[in-house]
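Worksheet: one structure, shown below.
Since the structure is predicted, the reported quantities are computational estimates derived from the model, not experimental observations. Heavy atoms only: backbone and side chains are in, while hydrogens, waters and symmetry mates are out.
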Amino acid sequence: MRKSVLLIVFAIIGSIIISTSCNSGEKGKLKGFKKDESGLYYKQHVKGDGEVSPVEGDYLDMIMIYGTEDSVIFDSRTLPLKGTRASIPMTKPLFKGDIYDGLGMMVEGDSMTFALVADSVWIKLFRMPSVPPGFDSVEYLYFDIKLNEIISAGEMQRRKDEEARVALEKGKC
């Protein structure tokens, strides 16, 4: 019950953030969004104090919420991580204007919303055979991202090795 209430609250907050706009010349659903050279629509909420953007091979520790204008489909904060932090690998964009184009423009501490063409997300990014039932009339999916940390591949391997060492020592006792 509490989880459902939290999801509803986050959906409402997400809708408010998505619908709040500044003047960028776009109209309708994308009012307040800017468009980058790849065709990706984005809106920056908080400018982080990081100095570098992620590159292919880095890992990104972040909070990600995505959904439609009025509902949340996924919220990384609800994953059962058991005290660990979720990190995803940074890869090359799969198509022009995908989420990896957006992640590549962020620095640590940034909070941004990206609007991606829904059918491209389902078919190209999520590699589904078709758009799921009930989403065929959805034009955009909105990704709210808070980038906490950029972790190099070497540092990620060091952390995994340390976690394995600690787990092994706990098993010996």
Side-chain angles (χ1 to χ4, degrees), residues 6-79 86-151:
L6 285 174
L7 285 176
I8 292 169
V9 169
F10 289 133
I12 293 169
I13 291 170
S15 295
I16 291 170
I17 289 171
I18 290 168
S19 64
T20 304
S21 64
C22 56
N23 187 10
S24 72
E26 294 296 331
K27 296 185 177 160
K29 294 179 183 181
L30 298 176
K31 186 175 181 184
F33 282 81
K34 296 178 182 176
K35 186 176 182 180
D36 79 351
E37 63 277 354
S38 73
L40 178 68
Y41 289 94
Y42 68 95
K43 186 186 300 186
Q44 186 151 27
H45 306 291
V46 175
K47 177 70 178 142
D49 57 4
E51 296 179 10
V52 296
S53 295
V55 295
E56 187 176 354
D58 286 340
Y59 288 81
L60 309 179
D61 176 327
M62 64 184 182
I63 296 170
M64 177 178 5
I65 304 167
Y66 65 81
T68 64
E69 279 188 290
D70 59 1
S71 63
V72 173
I73 297 170
F74 172 81
D75 183 341
S76 66
R77 297 172 296 181
T78 64
L79 294 173
S87 298
I88 67 163
M90 179 68 179
T91 67
K92 290 181 184 176
L94 299 173
F95 59 92
K96 195 172 180 172
D98 86 351
I99 192 64
Y100 291 104
D101 280 324
L103 294 172
M105 64 194 316
M106 297 180 80
V107 299
E108 289 181 355
D110 276 357
S111 175
M112 299 176 78
T113 298
F114 301 98
L116 281 71
V117 176
D119 61 348
S120 293
V121 172
W122 297 118
I123 295 168
K124 295 177 183 176
L125 186 63
F126 294 164
R127 299 183 178 165
M128 298 178 78
S130 63
V131 175
F135 290 98
D136 50 350
S137 65
V138 174
E139 189 174 358
Y140 293 99
L141 290 179
Y142 299 89
F143 287 73
D144 294 315
I145 308 285
K146 166 73 167 81
L147 182 56
N148 296 319
E149 182 181 14
I150 300 170
I151 307 162

Has [X] got a side-chain atom pairing as donor or acceptor with [Y]'s backbone, closer than 3.5 angstrom?
X	Y	value
Q44	D110	no
D144	T113	no
S53	V107	no

Working to the nearest 0.5 Å, report the span between [atom1] of [X] and [atom2] of [Y].
X	Y	atom1	atom2	value
F95	L116	CZ	CG	5.5 Å
L103	T91	CG	OG1	8.5 Å
S71	F135	OG	CZ	6.0 Å
T68	Y140	OG1	OH	14.5 Å
L147	M64	CG	CE	11.0 Å
N148	I150	CG	CD1	10.5 Å

* Asked: Can you find a pair of side-chain heavy atoms, one from I88 and one from Y59, that are under 4.5 Å apart?
  ->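 I88 does not reach Y59 side chain to side chain.
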* Using a 4.5 Å cut-off on heavy atoms from C-beta on, say whether the side chain of I65 contacts that of R77. => yes
What heavy-atom pair brings [X] and [Y] nearest, and what distance separates the two atoms?
X	Y	answer
P54	M106	CD-O, 3.2 Å
L141	A118	CG-CB, 4.0 Å
G97	L40	O-CD1, 3.3 Å

* **All pairs passing salt bridge (charged side-chain N to carboxylate O under 4.0 Å, His left out) where residues 87-104 contributes a residue, at least two apart** =>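 Sorted result for residues 87-104: empty, none.
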* **Pair listing, salt bridge (charged side-chain N to carboxylate O under 4.0 Å, His left out) test, anchored in residues 114-140, at least two apart** => K29-E139
* To do: Give me the ring orientation class for W122 and F126: parallel if the planes are under 30° apart, tilted from 30 to 60°, perpendicular past 60°.
  => perpendicular
* When the ring planes of F33 and Y142 are compared, do they come out parallel, tilted or perpendicular, using 30° and 60° as the limits? -> tilted
* List in chain and number order the residues that pass side-chain contact (heavy atoms from CB on, under 4.5 Å) with F74, two or more places apart in sequence or in another chain; answer none if no residue qualifies. => Y66, S76, L79
* Is there a side chain to side chain contact (heavy atoms under 4.5 Å, CB included) between M105 and M112 once you walk through the steps? -> CA-CA 10 Å; M105 64 194 316; M112 299 176 78; 4.3 Å; yes
* Asked: Is there a donor-acceptor contact under 3.5 Å linking the side chains of S87 and D61?
  -> no
